[in-house]
Amino acid sequence: MKHEANLDAEVRRLFAATVEKLAKQHHSIERCRGPRFECSDEEWSAFAEQGVFALGIDPEYGGLGGGISDLAAVMRQIGYNLLAVPFFENAVMAALLVNRFGSADLKESLLPQIAEGSVRMAVALRDPGTVGADANHRAQFAGDTISGVKDQVMDAENASKFLVGAHDVDGKMVLGMIERDSPGLSVQHYRLPDNRIASRLTLDSVVATILAVPDPGDIQAILDAGAVCLASETVGAMAAANRITLDYAKVRRQFGRPIGDFQVLQHRMVDMFIAERRSRAVVDEAAAALDNSLSDRTMAVSVAKAQADKSGRFVAESAIQIHGGMGLTDECAIGHYLKRILLNGSRHGTAAWHLNRLSLLQR
Amino acid sequence: MKHEANLDAEVRRLFAATVEKLAKQHHSIERCRGPRFECSDEEWSAFAEQGVFALGIDPEYGGLGGGISDLAAVMRQIGYNLLAVPFFENAVMAALLVNRFGSADLKESLLPQIAEGSVRMAVALRDPGTVGADANHRAQFAGDTISGVKDQVMDAENASKFLVGAHDVDGKMVLGMIERDSPGLSVQHYRLPDNRIASRLTLDSVVATILAVPDPGDIQAILDAGAVCLASETVGAMAAANRITLDYAKVRRQFGRPIGDFQVLQHRMVDMFIAERRSRAVVDEAAAALDNSLSDRTMAVSVAKAQADKSGRFVAESAIQIHGGMGLTDECAIGHYLKRILLNGSRHGTAAWHLNRLSLLQR
Amino acid sequence: MSRSGELAEFRKEVADFCESRLPEDIRRKVLLNQHLEKGDFVRWMRILHEKGWLIAHWPEEYGGKDWPRLKRWVFENELYRLGSPWLAPFGVTYVGPVIYTFGTEAQKKRWLGPTARHDIWWAQGYSEPNAGSDLANLQTRAVRDGDHYIVTGHKIWTSMAQWADMIFALVRTDPDAKPQHGISFLLIDLKSPGVSIRPIKSINLVEDLNEVFFDAVRVPADNLIGEEGRGWTYAKFLLDNERLISAEVGKAQRLMEQLRFFLRETSAGGRPLIEMPSWRSRIAELDLRLRSLVSLCNAMFAELEAGDDPGLSASMLKIESAELLQAISGAQIDALSEGGLSYQAEALDPDSPVPHVAPEGASGALGEYLHGRVYSIWGGSSEIQKNIIAKAVLGL
Amino acid sequence: MSRSGELAEFRKEVADFCESRLPEDIRRKVLLNQHLEKGDFVRWMRILHEKGWLIAHWPEEYGGKDWPRLKRWVFENELYRLGSPWLAPFGVTYVGPVIYTFGTEAQKKRWLGPTARHDIWWAQGYSEPNAGSDLANLQTRAVRDGDHYIVTGHKIWTSMAQWADMIFALVRTDPDAKPQHGISFLLIDLKSPGVSIRPIKSINLVEDLNEVFFDAVRVPADNLIGEEGRGWTYAKFLLDNERLISAEVGKAQRLMEQLRFFLRETSAGGRPLIEMPSWRSRIAELDLRLRSLVSLCNAMFAELEAGDDPGLSASMLKIESAELLQAISGAQIDALSEGGLSYQAEALDPDSPVPHVAPEGASGALGEYLHGRVYSIWGGSSEIQKNIIAKAVLGL
């Protein structure tokens, strides 16, 4: 990574406060309830104006600087407030990919646009039926065009450019940038369980600008950075679920006293609290390991993703149990947190995928 | 099995009461504490006089009749009262093996002796480093003699005859009966973690009376019956651990009230209680499946042994936790129950072995 | 024939009947965890009634066959294993037995027939916003006015009330009695003026739960079951039945089969998941739990026939079965997540449907998982059940 | 250099030292979970003291190096990972800091030197038969008599008291004060007349726990630390340290390595267990928990340096570490059970030893498993720790 600690501590503090405020403003369980839970143009602009998409991009390209740890901090706010803003697609994935694989020209033209939010990008790395955690893309690059199918592309309805993973005829990995209105591209939109919209891209010889990928390991490193950012979003969702549950336990009464008085529920909430803290610790450590290029960073990433996904599930399921019948309604926030946690768990490698990688790395 | 329900209900009731009384009389945590926890001659005689070793043996050979369910009921009392009486070695394993594989002459001479307790036998089926659950015996039978090593033979110090598992030169399984003082037999005794004594037998061309084993599956069926009986002993140990823990929780006070008042401990004890009931159900069902030669009996056996071993561990570990420091002393009964449960868990197939068999049977 | 032999034969009879008579369209919806219509339930229950099985657990004098609980349990669970819809229990298992046990002759005559034929769809009116697991806190009032009661209050979590004709409700008839006294058991026509029903959208987006509001609803006093103030006793009688039938091992077996199917149909790194080491051992563990639960149920129902108090067995089975159902559907989600959770995808443009990449039935699995959170909550949460056992069995 | 870089370098320095200076006989005993003698502990602690590390976490003015908690924790756990004996904390980590924080100048002068050099083996006298996790119920009395206290009472679960020279004890000096007040912190010479020590045989057959009886023991009033009646405050200060060092991830790492060794050395059906699917996934799960716990510790210790209340982190780490240590040693037992639990075999005839079939070190594994039950009990059980967190962090 090129991002180590190039963000001034004071800037970091101020920025975090800005993001927190913005995120809070755009939090709405009503919007989560559908039917289409998307980031509106106003929301996009609000984040862009505050420079949120500039995070992680080098100052020489109009960015704010900052590393994976900084991106993960924003993701945490997104998880805590259940936002639909496609920060992950743009500031995390697109910016990292372009910065790493783009030509000097492309970086100079595109990164400043990403930073100021004047372009909205989507990332199409996942092949149908995969866990999106590795770099074995089945789409084919030949001539200047890409053909193939990509699944679960987020915010594709609003994006004007896509970054697509593919292989050339020699089996070498490439990234192709394509335009929204390119001939040969068809897009099918569908609603995910949490009411966000994802899309399947079908590419039939779509003309692409090619970004060379010298080594598939480089892509893997960026998929890993994405995994840590999603895990961080899950940690944020866990923190919110814990706070909401605790508040509820203090006011909801049964048998003449607040349910939070019951020792069994107290201990369950302690377990939930520890699960959150534990996940926060591994995610922060994995982000720092990436920022500092530590030798055990791959392992740290898998620990972070597996732990956050598992803990997230435990926390959200427990939160529903403590809410009782109320937790089972669409009106209640908890279910929406559970759905976000489940979806994050299925992206950039499931807990099982990362546990398996962990055991292979161990050998 | 030849033992289905050939025991009159009234006899069964009376017999159970007799065994319960006997078992209670010989229960002693002091004796469990060592240094050598063995069944004395008087204890042996007391059980013999009441006809306990006659259970499961056909009336035509001087037995009482009864099936695996009846044997398992006695094992439950043994587990509940932590006895050292080698009922398992004699009334369960030796009697089943001789009845199944002995010649007419041998059955006629030996089974009545087992039934009246005038012979004390030990069973040497286990090869070093195995879980004792399958019939692949490494000892070799050639001429009239057996050579090889057998491990963890219980009550070998007191037994006058051993039943030894072996293979002949054609790879066919046989059982050999050898005498305690046969030339070529050396016996090393050692203390198990629960202070009972086990032995390793080293056989160097020891003359043996051979019992033919037409099919290894027949031996497997008897190993399975043994597994169910051990699981039943574990269920008895669980029941005792639960009773002792519950009694303790009602009298031990902390923070000004009995610890049994705390909801977290109440729920833990409920989980322990359910674990016991669940294990009892699977063990009873497996014993009935063997007695009735049901087609899914092998699966029932593996369910019973795996469940009882796992639940036993959970119950005993939880019992120690609820006892606090007291549970960690040699003086307290709980630790002795834990050790018995662990040892039962390592005989006739561990939980892991049976789970694995379960998943192979599933296919 | 031995008892287990008899039951095995009966199980086979049920399976054969199910095979030949369960309508294929209904079976398919169930196997794919799709949403069923009222008509689906009623159609199948009438077929079972024709066969004499729907109320076979009732006494002969009321048209049943006096089946013991064990046989009813085997019957239902064999059905569920094979894809039968849930046999809506509100009439035939809940209120029917309350009526023939505690009702007057006139009430039996009036209500049992249509309940048995499923001409009435019943709803259960127990929970209230401030009285979930804690029924002693009931607020819905019924005030006697001549030969009527005037009912005012608010019930919640009422399953399938949107389809129901009648509700049996716990109402407070004596506000001055101790909380658990003063409660009565009343049958209320949902078409009465003053009743309104508001659906609750659930976490899995269906609207099968409802709030039912009573605004000075006039209910004939003849609709009071048993004595005024003894509703708690009847409710407990019914709750025991409710918890007993919640040991849905048949459903667990079906979900387990479906899990194996998903694992065969989903690949990771080119290999079906079912061949992966971690999945093999997880399946074995779940299978062990499932088989143990079946044995526990057999043992408990046998004890019930020997006359034991059903309450405690019921609590135990409810806890265990909830945990297992949730563990299996949680495993389904894990299996399908490897395919990306896109299985729940709902095409936005009907002309351009998204080709599913997930195995058949996957689209219902998330709904079942989300809905399944309810098993450890409804009819008294698992925590409440453990309190009950701690008190009654352990004497704590 | 970045902080994590510095710590990595320090870790290496500790490892190198341990490699060259930890006596081989001691290391071997530890790695095989064998029982250590007093001399083993003292010998190694003196070597560490020579190097300046044993009390490096003390302030410089008392001979330390002002190490922050994180560094001390890294230090101890790196040692434990590599086979160092437990650094008996009673002197250098428990009572030493109490003395330099709350003691008088005279007390510091008198006790700190010999404590630092480990010339005194300290014991901790907190628990009593009716005051385990519930210290407010302490019964041991200390009555002032001129310039002495007369101490009468009964302590229990006193670790290594059989080797100890001194005990720091909580005693009740004011029977009329509220339970948590009226308690004082007193240093008592165990050679005083009236002291008797009775060993308790543990579940793993060692006798490292003791009962200590005080029969009108005369203790100089100079041995009172701080103020009369404030013993509770000092005890809490000390308990926080106790719980913090209980996050023994170094030991967990060592046991995990040993588990892998057992799995390589034990076969089932001709294949080493470590290649079995179920073991591979269980190892991965344990490894995940271990690595997560290390990260949690790093995060907690960093927060402590930022000035957070250590009590809550300590409770959390104690719960988590106890659970993990027990899970790993439970897995060891499962691994070894496949070989028959004969590993604990003790030959009855020394001339005819039983050839072990189990891997090296197996004979200590059961002892460690049994002893390990204590992790979730001592220093306040896991249940008590959760009560603490519920109250202090969650405000319940």
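In the text below, chain A, chain B and the rest are named by the order of the sequence lines, each starting its count at 1.
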| message | Testing the basics here: between C/R280 and B/S359, what is the closest heavy-atom pair and its distance to 0.1 Å? | response | NH2-OG, 3.3 Å
| request: Evaluate the side-chain proximity of B/Q263 to C/N387: yes if any heavy-atom separation is below 4.5 Å, no if none is. | output: yes
| request: Using non-hydrogen atoms and a 4.5 Å limit, figure out which bit of B/D271 sits close to chain C: side chain, backbone, both or neither. | output: side chain
| remark: Among residues 239-247 of chain B, residues within the sub-4.5 Å heavy-atom range of chain C, in order of number, are B/L246
| request: Kindly compute the distance separating CG (C/N298) from CG (B/D284), expressed to the nearest 0.5 Å. | output: 11.5 Å
| note | Residues at least two apart in sequence or cross-chain that pass side-chain hydrogen bond (donor to acceptor under 3.5 Å, both in side chains) with C/E368, listed by chain then number, are C/K251, C/Y375
| Can you tell me how far CD1 of B/I274 sits from CG of C/L317, rounded to the nearest 0.5 angstrom? | 9.0 Å
| query | Out of B/E285, B/K310, B/M299, B/M269, which one racks up the most heavy-atom pairs below 4.5 Å with chain C? | reply | B/E285
| note | Nearest heavy-atom contact between B/R278 and C/L293 is NH1-N, 3.9 Å
| Heavy-atom pair with the smallest gap, counting every atom of C/S292 and B/V303 | OG-CG1, 4.0 Å
| request: Please step through salt bridge (charged side-chain N to carboxylate O under 4.0 Å, His left out) for the pair B/R277 and C/E303, ending with a clear verdict. | output: CA-CA 12 Å; B/R277 293 302 294 266; C/E303 283 177 26; 2.7 Å; yes
| Checking heavy atoms, do the side chain of C/E383, its backbone, both or neither come under 4.5 Å from chain B? | both
| note | Bottom line for B/Q266: the part with an atom under 4.5 Å from chain C's heavy atoms is both
| field | Pairs of heavy atoms under 4.5 Å with chain C: top-ranked of B/H267, B/K250, B/Q307 | value | B/H267
| query | For the atom pair CZ (B/F262) and CG (C/L396), what is the distance rounded to the nearest 0.5 Å? | reply | 12.5 Å
| field | Contact origin within B/N356 toward chain C - heavy atom pairs under 4.5 Å | value | side chain
| query | Which atom pair, heavy atoms only, marks the closest approach of C/A299 to B/A281? | reply | CB-CB, 3.8 Å
| task | Quick one: which of C/L296, C/I319, C/L288 has the most heavy-atom pairs under 4.5 Å with chain B, could you say? | result | C/L288
